[in-house]
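Below is one structure, written out as structure tokens; comments come after it.
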Amino acid sequence: MPADMHTRIRDYASRSGEIIREDPGVREAVTGATIAFDQKRLQGYSEVDADGWRRWAEGVKSHTLTHLDRYLAGAETQLEANGAEVHWAADAAEAREIVMSLAARHSVKSVVKGKSMVTEEIDLNPALEAAGIEVYETDLGEYILQLLDEPPSHILGPAIHKSLQQVQELFTDRLGSEPGGDPDTLARAARRVLRDAFIQSDMGITGGNFLVAETGTVALIENEGNIRLTTSLPRVHVAVVGIEKLLPRMADLSGFLQLTARAATGQPIGCFVSLIQGPAAHPDDDGPEAVHVVLVDNGRTDVLAHEHAWEALRCLRCGACLNACPVYRQTGGHAYGYVYSGPIGSVLDPGLLGLHEAMPLPFASSLCGACEDACPVRIPIPEMLLEWRREAQEEGLTPWKERAALKGLASVATRPGLYRLAGKIGSRLGATGVARALPMLGEWAADRALPQPSRRTFRELWREGIE
């Protein structure tokens, strides 16, 4: 992972608790937005046979991943037949070098970008800017964060941690909009800047929601229309796509477009779906003169080779697991310290970065299972979290105090007499503050008021009879 992005996001991760304490509105904004997204997902799922669709999607993606070499080769052949140029990037550095070389080849001075997690992953914007190329994020949420020089905090809604008032103040200061503007007014202020960028930019850069191997088609889903402009107005379009985004057949795409939209926003389908196969066939046709597809590995083959982690590559980047997660709602995305946050980040990041680098993300979960219930491709996130935790324990990556505490707890819990005695002692000492000195519990209680325990144990209450 590039050092600059590592430092930037880890800085937000280390400051996340401080940010939430200083601005309680962050937690309120994140909680409100994720609950709204999740309710829309539930409504969207209720309108179809969601379980049937999810089982089908799981099967298609698992089949594709277990035959990935064949489908990647087929996609390359079809893309080249369509007139696109295909590039292979083993890691983030190579992906950046490819895009930079394309910018130099096409004499690019300015770039417009659609929202893309993989370009965040490879830290593309700083590389372009260092070369003197102007970069405009065209998704409204991404554009807000670009003005603030902040990383995104959510896969679907990158700026959900920002309140309306914060965006109003930002746009008044940076774009000269009227103070206190409503969302439509703010969108118009951004549009004034971005419309000129669309017209003047030499290159458009996007990710890719899906890449259909059968036809060599890059599919993009959006609600704002900015991606459609990004892929059609500039002379050059570059799609940076993770190698796991493959679908075998065009017939598969319609189901995935609908399922992804329902999981993400509850919509039957995204407002805009763009299907990119290649450049304009004739000079008078709409579309770019050149289309390049950069297929990025950057740790994905390592994840695919992992006995348990490979299923995380089914992820559609819909954000449903983040919206359903009670931990994410309390912390926001920056606390996870990497581009992919929430439950999917906790199981994907250890594979992409290495378990040592991703600690303690596998432990950032209550294992409630809400993420698996929400996932449109049925990724078994709780099971994968337990596997990463087991590997962390085996590699000695957890704090020694925690290992000792859990070993002691296991010893007490498997001896009934000792367990009853510990319960009595705990019920009497819990209110004295002694608990704050205990491993794990003390850290948890550092910023919290401890609940007052009952003077009588559960067993005592049970013997007396409770209604």
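All residue numbers in this chain count up from 1 along the given sequence. As the structure is a computational prediction, the values presented were derived from the model and not from experiment.
Residues passing the side-chain hydrogen bond (donor to acceptor under 3.5 Å, both in side chains) test with E85, sequence neighbours excluded: R105. Partners of Q267 under the side-chain contact (heavy atoms from CB on, under 4.5 Å) rule, at least two apart in sequence or in another chain, are N223, A261, T265, C271. Residues meeting the ring-ring contact (aromatic ring centres under 6.0 Å, His included) test with H237, sequence neighbours left out: none. Looking at residues two or more places apart in sequence or on another chain, you find no side-chain contact (heavy atoms from CB on, under 4.5 Å) involving D69. Remark: Y71 engages H63 in a ring-ring contact (aromatic ring centres under 6.0 Å, His included) (not counting sequence neighbours). Listed by chain and residue number, V377, I379 satisfy the side-chain contact (heavy atoms from CB on, under 4.5 Å) test with C375 (two or more places apart in sequence, or in another chain).
Sorted by first then second residue, the side-chain hydrogen bond (donor to acceptor under 3.5 Å, both in side chains) pairs that include residues 365-385, not counting sequence neighbours, are E58-R378. Pairs engaging residues 352-382 under the ring pair (Phe, Tyr, Trp, His ring centres under 6.0 Å) rule: none recorded [sequence neighbours left out]. Every pair passing ring pair (Phe, Tyr, Trp, His ring centres under 6.0 Å) that includes a residue from residues 30-51 is listed here, sequence neighbours excluded: F37-H154. Sorted by first then second residue, the ring pair (Phe, Tyr, Trp, His ring centres under 6.0 Å) pairs that include residues 241-267, not counting sequence neighbours, are W56-F256, F210-F256. Note on residues 187-211: pairs passing salt bridge (charged side-chain N to carboxylate O under 4.0 Å, His left out), not counting sequence neighbours, are D202-R235.
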Do any side-chain atoms of residues 391-398 form donor-acceptor pairs under 3.5 angstrom with protein atoms, and if so which ones, sequence neighbours left out?
residue	atom	partner	partner atom	Å
E391	OE2	H306	NE2	2.7
Q393	OE1	T398	OG1	3.3
E394	OE1	R390	NH1	3.2
E394	OE2	R390	NH1	2.8

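Side-chain atoms of H161 and E150 include a donor-acceptor pair closer than 3.5 Å.
For the atom pair OG1 (T217) and CG (L211), the distance works out to 8.0 Å, reported to the nearest 0.5 Å.
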